[in-house]
Amino acid sequence: MAPIPDDVTARAAQLTALLERYNHEYYVLDAPTVPDAEYDRLFRELQALEAAWPALRTPASPTQRVGGTPVPVFESVRHAVPMLSLNNAFSDLTQDDFAVRHAEIIQFDERVRRGLGRSDSPVRYAVEPKFDGLAISLVYEHGVLTQAATRGDGLTGENVTENVRTVRTVPLRLATSQPPALLEVRGEVLMLRRDFEALNAAQAARGDKVFANPRNAAAGSLRQLDSRITAQRRLSFFAYAIARVEGATWPDTHQYEMQWLEQLGLPLVVPALRPVVEGVEGLAEYYERVHAQRSTLPYDIDGVVYKVDSLADQARLGFVSRAPRWAIAHKFPAEEALTVVDAIEEQVGRTGALTPVARLRPVAVGGVTVTNATLHNEDEVHRKDVRVGDTVIVRRAGDVIPEVVGVVLERRPMQPVAGGDLFSPSEVPLHPPYRIPATCPVCGSHVVREEGEAVARCSGGLVCSAQRKQAILHFAGRRAMDIEGLGERYVDALVDLGFVHSVADLYHLTLADFVAMKARSDETASPLAEAEVPGAASSSRTAPTRWAENLLAGIAASKTPPLARFLFALGIRHVGESTAKTLADWLGSLERVRQAPAPILAALPDIGLVVAEAIAEFFAEPNNAAAIDALLAAGVRPQGEGLPAAALAEQLEPARLLTRMGIPRLTELRAGQLLAQAGSLEALVTLAPEQLPVAWPEPLRLAWREWLAQPERRALLAATAHQRSALLAALPAMPDVSANLPLAGRTLVLTGTLPTLTREAAQALIEAAGGKVSGSVSRKTDYVVAGEAAGSKLAKAESLGVPVLDEAGLQALLAGTMAGGEAAS
DNA sequence: ACGCCTCGAGTTCT
DNA sequence: CTCGAGGCGT
């Protein structure tokens, strides 16, 4: 290749420098000094030079902001310094008292001052808005941007360098003649509100999908595999931290860090929004000020961030389970909005539960458009007195789920009443108070509400198509049989068109069935029509069976589930994952679970009479028995341990079993006396009245005789005795050794996202080590394992003094090398 | 009998 | 995540 003439190299360098300066003036300083046309002219000149001499085209060239070749997939990038998330503090602005309103600020400041051993002098804090965008890490080597990565799980992110290069405010080269050998900057990529609106307008005009909020638009744009698309989207960047410096002096306060970054040409938020303040009053004042300004800012924020300004002090404070002790995110309270209830409809759940749902006029709350909100149950609707036509206050509670806070009664639609006078109102509400319907909206069966229960249920059982669909969906669910690809759309179509009546039918479906189903659902324009991929109109001839093959493969692959998951999949009332696991662990086979009478089941840990009877009734019900037999006949083989648990003998002590028969006033002590008289469970049936224990008072003797009088109870007693013997005979010869495992008898709670383990993987490891994973923190919790974005459970652990571990701590515990955890402050 | 704790069930939107 | 309800220890 011909060498590049010196004058060309010089001109290219000159153009690059000019374009970089104009870029910075335009996008970062918002103060252009040249007309756009001049910029475009220089830009095209540089492009032309680069076209003639491609060697000039470096990654740092301003021409490279237009995006390059699409990548098949983002490669992953390991962060040299982990990208942490901050602990959260929440505010409740409904309180007036300063101490109450700013309790989180006061607590944070106290923790900081305690940690620094500084009781009187106020701490200096660098404060800034908490952007609602995507955290990004930028690496500059000798002043040139060489890598940009998303946060990912904090340890490993995605390499999005090509995309970030197209973000106009990100300098491709640092504005200094003596750049550090290495500089890693952390900041946020986001979309300004005006850019978001323009983008959505353009998307809508083109008939493309619009984004729900700027955050989603930014995320969607940044994660484009084709960076040319990213280049067309107006993304912005704000820097807020330095992660690594080599070959330069690291400033000693956060404030100086920011000043340095600004000198290097990195965009920062306007100075007024990032002051250094002192003490609690300074933090509170800043919080109030930004909160008040929130809606007028050019971008979305979801709170503010407080950081101890001195880096030496930051170092002294250190970290608790991967979140810094010297910084905290203070979130604004949930946003509320007003909207109108168009209708109240009922959803029918798997158990037949009718749940009233408010259909709302679409309204934006906290970044998403809300159209539905659950009203939980009839009582709840009455408590809030929500009616059709009402204007209601909607909030996104905690983080996601929309909630109707209350009704604005002044706006309730009314109608005049004839003959109204001083003593009777002249108008009444247009709509009556809500009533749960008397019949199921799906199948018309009557609706029953048990005495003392909050939920109303459709009595139709599996006759009700809604219940059937939900039962099948539950059966196929990820935590149950895990049939891949069988989602709501297919279940709806399969049931509506009569291809599937019960779960066993799934295993008899053929390719021909699916093709027929597809044909019929196309005719009837059922929801399946929407399942087609864009442009599938022509491909429905060419590859009509691909999805069906996948589905059939998914169904076939689900034939050998672990017993616990199979039991859970059956959808027995009161039997969730945990109870299903108890049954599987203790009894070891489907047959033993099916045959166990209620008292045996109630002898197992955490299973009482209510649950035991629900299980026994489920298996006794002929329809259910037939459905299970059909599954077995179709080749479904739940995988059990084969043997009951060795410790079962203790659970099945005859006196214990007797107390679980549902006999009134029979305590364990009295059951023991009774057994001493009879000699064995079997002999109880024939025990003569005069042989009852002498210590028994007359009412008890009467209660016993009355209970035993019914034949089915004598049968239950006999069946229980029989099953007990059978189970004991099947017990394994060797006692189990689980007591020696490192986490035997320990209860752990997982919260947040762990850096490398998934929640399921962590749970599996803990259980393999003999421990138990629970969902909520209490005094009985031995450890809380906290990851990224840990929430209320971490806070609760700290308030109860429960030790908090990070993933490394958990691994140490699993290895049995650690006696205790790192205690939280 | 009471109260704590855990589990089950239902839910929204992208 | 939140509520309601069942299980179990006190």
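In what follows, chains carry the letters A, B, and so on, assigned in the order in which the sequence lines appear, proteins first and then strands, with residues in each chain numbered from 1. Being a predicted model, the structure only gives us computed values, none of them experimental.
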Please state whether the phosphate of B:dC13, meaning OP1 or OP2, lies under 4.0 angstrom from any side-chain nitrogen or oxygen of A:Thr369.
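Checking A:Thr369 against B:dC13: no side-chain N or O falls below 4.0 Å of OP1 or OP2.
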A:Asn372 side chain near B:dC13 phosphate (N/O to OP1/OP2, under 4.0 Å)
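Looking at the OP1 and OP2 atoms of B:dC13, one of them is under 4.0 Å from a side-chain N or O of A:Asn372.
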Taking CZ from A:Arg449 and P from C:dG4, how many angstroms apart are they, rounded to a whole number?
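Atom CZ in A:Arg449 sits about 11 Å away from atom P in C:dG4.
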In whole angstrom, what separates A:Leu354's CG from B:dG10's C1'?
13 Å
Residue pairs passing the side chain to side chain donor-acceptor pair (under 3.5 Å) test where at least one lies in residues 651-660 of chain A, sequence neighbours excluded:
A:Gln651-A:Arg656
Compare the minimum distances between each of C:dG4, B:dG10, B:dC13 and the side chain of A:Ala353, then state the nucleotide with the smallest one.
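Nearest listed nucleotide: B:dG10.
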Rounded to whole angstroms, how far apart are CG on A:Leu473 and P on B:dA9?
15 Å
Closest heavy-atom pair, A:Ala476 versus A:Leu486, reported as atoms and distance to 0.1 Å, is CB-CD2, 3.7 Å
Kindly give the atom pairs (protein nitrogen or oxygen, nucleotide nitrogen or oxygen) under 3.5 Å for nucleotides 6-10 of chain C.
unit_1 : atom_1 : unit_2   : atom_2 : d
C:dG7  : OP1    : A:Gly608 : N      : 2.6
C:dG7  : OP1    : A:Gly608 : O      : 3.2
C:dG7  : OP1    : A:Val611 : N      : 3.2
C:dC8  : OP1    : A:Asp606 : N      : 2.4

Phosphate-side-chain proximity, A:Thr351 and B:dG8, N/O vs OP1/OP2 below 4.0 Å
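No, because none of the side-chain N or O atoms of A:Thr351 sits under 4.0 Å from OP1 or OP2 of B:dG8.
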Roughly how many Å is it from CZ in A:Arg573 to P in B:dA9, rounded to a whole number?
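A:Arg573 atom CZ is separated from B:dA9 atom P by 8 Å.
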Between B:dC13, B:dG8, B:dT11, which nucleotide gets closest to the side-chain atoms of A:Gln347?
B:dT11
On a heavy-atom basis, which atom in A:Leu235 and which in A:Thr230 lie closest, and how many Å separate them?
CD1-CG2, 3.9 Å
Between A:Phe568 (CZ) and B:dA9 (C1'), how many Å, whole number?
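Value for this atom pair: 9 Å.
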Can you sort out the partners of A:Asp302 under salt bridge (Lys or Arg N to Asp or Glu O under 4.0 Å), two or more places apart, ordered by chain and number?
A:Lys130
Rounded to the nearest Å, what distance is computed from the CG atom of residue A:Asp379 to the P atom of nucleotide C:dA5?
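Answer to the nearest Å: 10 Å.
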Do the side-chain N or O atoms of A:Arg350 get closer than 4.0 angstrom to the phosphate oxygens (OP1, OP2) of B:dA9?
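Checking A:Arg350 against B:dA9: at least one side-chain N or O falls below 4.0 Å of OP1 or OP2.
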Partners meeting ring pair (Phe, Tyr, Trp, His ring centres under 6.0 Å) with A:His474 (sequence neighbours left out)
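A:His474 satisfies ring pair (Phe, Tyr, Trp, His ring centres under 6.0 Å) with A:Phe568 once adjacent residues are dropped.
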To the nearest angstrom, how far is A:Asn377 atom CG from B:dG10 atom C1'?
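Those two atoms, CG and C1', are 11 Å apart.
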Distance, rounded to the nearest Å, where A:Ile344 contributes CD1 and B:dT11 contributes C1'
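For the pair A:Ile344 CD1 and B:dT11 C1', the rounded distance is 17 Å.
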When you check the phosphate oxygens OP1 and OP2 of B:dT6, does a side-chain N or O of A:Ser578 lie under 4.0 Å from one of them?
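For B:dT6, neither OP1 nor OP2 has a side-chain N or O of A:Ser578 closer than 4.0 Å.
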Check side-chain hydrogen bond (donor to acceptor under 3.5 Å, both in side chains) between A:Glu617 and all other residues, then give those that pass, not counting sequence neighbours.
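Per chain and number, A:Glu617 pairs via side-chain hydrogen bond (donor to acceptor under 3.5 Å, both in side chains) with no residue.
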Assign A:Val575 to base, sugar-phosphate, or nothing according to its heavy-atom contacts below 4.0 angstrom with the strands shown.
sugar-phosphate
All ring pair (Phe, Tyr, Trp, His ring centres under 6.0 Å) counterparts of A:Tyr299, not counting sequence neighbours
A:Phe131, A:Phe238
Given B:dC5, is OP1 or OP2 found less than 4.0 Å from the side-chain N or O atoms of A:Ser774?
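Answer is no, no contact under 4.0 Å.
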